[in-house]
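Worksheet: the structure to be examined is printed underneath.
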2 protein chains.
Amino acid sequence: MTIDPVPLAFSEHDHETCSGGVLAQAGALAASRGLRLTPVRRRTLEILLESHRAMGAYEVLERLSADGFAKQPPVAYRALEFLVENGLAHRIRRLNAFAACMHPGERHSPVFLICKSCDHIAEAQGAHVATALEAAATPAGFSIERTNVEALGLCPACAAPA
Amino acid sequence: MTIDPVPLAFSEHDHETCSGGVLAQAGALAASRGLRLTPVRRRTLEILLESHRAMGAYEVLERLSADGFAKQPPVAYRALEFLVENGLAHRIRRLNAFAACMHPGERHSPVFLICKSCDHIAEAQGAHVATALEAAATPAGFSIERTNVEALGLCPACAAPA
DNA sequence: CTTGACATGTAATGCTATAACATATCAACA
DNA sequence: TGTTGATATGTTATAGCATTACATGTCAAG
């Protein structure tokens with residue numbers, strides 16, 4: 001599977017299929033890497049996958065506790081950390097929040113497009129951005145390990161006249 | 001004045017001249033735009049300019065209160081917000097911190113290079129990054145308003161063998 | 001010298017994140 | 001199969017970041 005040039009996040013789509021597919025990919029990835037996708041972790045990912053929005057850790061925590069998990073912050077933070085570490089979710093720093101990765105297991109340098117109006121988030125192809133970033137860092141003698149690239153703006157639906 | 005291709009942040013340099021110059025630029029910019037660079041605001045900028053690091057709001061607040069300003073969070077946050085809004089400082093989201101802008105008044109799409117070892121921050125040329133970002137957002141129909149581009153890694157000094 | 005806009009002082013609170021330690025679970029191996 | 005070590009979870013407490021709300025002060029225009 002390759003990454004869609006146009007992310008679904010901003011379009012009408014069959015979200016059941018969308019999220020289900022990603023969940024399946026995530027499960028397969030975890031299995032192939034010997035990761036332990038435990039109940040809390042899996043459930044956390046499911047919660048993130050319910051929408052194309054970023055959720056704060058405490059919002060996730062609420063949901064988890066409604067499902068019978070403990071309601072202390074570390075529960076959510078640990079699950080989220082696991083997902084992020086293993087490429088199953090992303091941290092959206094601008095929002096102090098987390099979003100499911102829509103392309104788990106695939107090499108991608110995500111660029112997050114954050115709609116300031118509807119709060120939806122899409123993960124765009126950032127390969128060229130990553131290249132440009134390397135080019136900007138190299139003359140400074142800086143070696144990049146990780147990057148955050150986030151753009152705030154308006155998605156097509158919200159930009160369209162009401 | 002044009003932007004240095006290689007930022008000074010990661011090199012030995014005459015920091016008095018460096019920060020003094022930026023402060024002067026900032027002052028001129030404020031004057032030309034009719035901005036009120038009040039004592040707290042000016043002092044806040046000076047504090048940020050003392051090093052090429054990002055400082056948390058509470059760290060700035062400590063410094064301000066030592067200079068006789070009130071020691072409540074809004075004091076620091078308001079001054080920092082003013083500086084950021086007017087392009088005299090940047091917010092480094094990865095660190096929940098703030099850094100002085102090294103090129104106030106000049107059009108630039110900053111890319112922040114954050115050394116994870118010495119904590120110094122350089123502001124690199126991000127024009128090409130911005131172009132690539134636009135190119136990534138356009139097919140999604142997304143219109144960008146603001147961006148954050150941050151890279152974590154090692155600066156030349158810290159990457160060099162001890 | 002009044003008015004209105006902007007800036008600052010101050011108190012209280014809310015949100016985000018982590019440290020530290022106890023307990024439990026699970027897989028590998030003796 | 002029982003021990004052990006690694007990993008995961010429960011739980012308490014606290015640290016760190018940020019904002020709301022309202023009172024007070026300052027300054028320039030009219």
Side-chain angles (χ1 to χ4, degrees), chain A residues 27 30-45 47-48 53-86 88-99 114 116 119 148 150 152, chain B residues 30-31 33-45 47-48 53-86 88-99 114 116 119 148 150 152:
Chain A
S32 79
R33 287 196 197 156
L35 302 177
R36 294 169 62 178
L37 194 53
T38 61
V40 219
R41 292 167 175 176
R42 185 182 184 83
R43 186 72 195 112
T44 300
L45 182 55
I47 289 168
L48 292 181
R53 292 185 307 110
M55 291 178 83
Y58 281 74
E59 196 179 350
V60 170
L61 183 56
E62 282 285 305
R63 299 289 313 276
L64 287 174
S65 76
D67 289 332
F69 296 99
K71 62 180 183 308
Q72 286 86 357
V75 172
Y77 279 100
R78 285 197 281 235
L80 290 165
E81 182 187 24
F82 170 88
L83 296 174
V84 170
E85 289 290 301
N86 295 105
L88 303 178
H90 297 292
R91 188 164 193 161
I92 311 297
R93 304 212 90 109
R94 175 148 209 139
L95 304 177
N96 292 322
F98 301 83
I114 308 167
K116 68 175 184 180
D119 226 53
N148 298 94
E150 303 175 2
L152 189 72
Chain B
R33 287 196 198 155
L35 302 177
R36 294 168 64 177
L37 194 54
T38 61
V40 220
R41 293 168 176 178
R42 186 182 184 83
R43 186 72 194 111
T44 299
L45 181 56
I47 289 168
L48 291 180
R53 292 186 306 108
M55 291 179 83
Y58 279 71
E59 195 179 351
V60 169
L61 183 56
E62 283 285 303
R63 299 289 312 278
L64 287 174
S65 77
D67 290 331
F69 296 99
K71 63 180 184 308
Q72 284 85 358
V75 172
Y77 280 99
R78 285 197 281 234
L80 289 165
E81 182 186 23
F82 171 86
L83 295 175
V84 170
E85 289 289 300
N86 294 104
L88 303 178
H90 297 291
R91 188 163 194 162
I92 311 297
R93 305 212 91 107
R94 176 148 208 138
L95 304 177
N96 292 323
F98 301 83
I114 308 168
K116 68 175 184 179
D119 226 52
N148 298 94
E150 303 175 1
L152 189 72

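Each chain gets a letter, A, B and so on, in the order the sequences are listed, and its residues count up from 1.
- Separating the CG atom of A/L37 from the P atom of D/dT7 is a distance of 17 Å, rounded to the nearest angstrom.
- Atoms CZ and CD, on B/R78 and B/E85 in that order, are 14.5 Å from each other to the nearest 0.5 Å.
- Between B/Y77 and B/Y58 there is a side-chain heavy-atom pair separated by less than 4.5 Å.
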Polar-atom pairs under 3.5 Å, protein N or O versus N or O of nucleotides 26-30 of chain D: list them with distances, or write none.
none

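- The salt bridge (Lys or Arg N to Asp or Glu O under 4.0 Å) check on A/R94 picks up nothing, with sequence neighbours excluded.
- Here the rule is side chain to side chain contact (heavy atoms under 4.5 Å, CB included) with B/T44, and of B/L80, B/L61, B/D67 only B/L80 fits it.
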Under a 4.0 Å heavy-atom criterion, the protein footprint on nucleotides 15-22 of chain D, written with B, S and -, is --BBBBB-
What side-chain donor-acceptor pairs closer than 3.5 Å can you find for residues 31-41 of chain A, not counting sequence neighbours?
unit_1, atom_1, unit_2, atom_2, d
A/S32, OG, A/L29, O, 3.0
A/R41, NH1, A/R36, O, 2.8

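- Residues A/N148 and B/N148 are not in side-chain contact: their nearest non-hydrogen atoms beyond the backbone lie 4.5 Å or more apart.
- Chain B approaches DNA chain C within less than 4.0 angstrom (heavy atoms of the protein), and the contacting nucleotides run 5' to 3' from C/dC6 to C/dA11.
- Shown here for B/S65 and B/K71, the closest heavy-atom pair between the two residues is CB-CB, 3.6 Å.
- Qualifying salt bridge (Lys or Arg N to Asp or Glu O under 4.0 Å) partners for A/K116, counting only residues two or more places apart in sequence or in other chains: B/E145.
- With rounding to the nearest 0.5 angstrom, the CG atom of B/L95 is 4.5 Å from the CD1 atom of B/I114.
- More than 12 heavy atoms of other residues, nucleotides or ligands shown are found within 6.0 angstrom of CD on A/E59.
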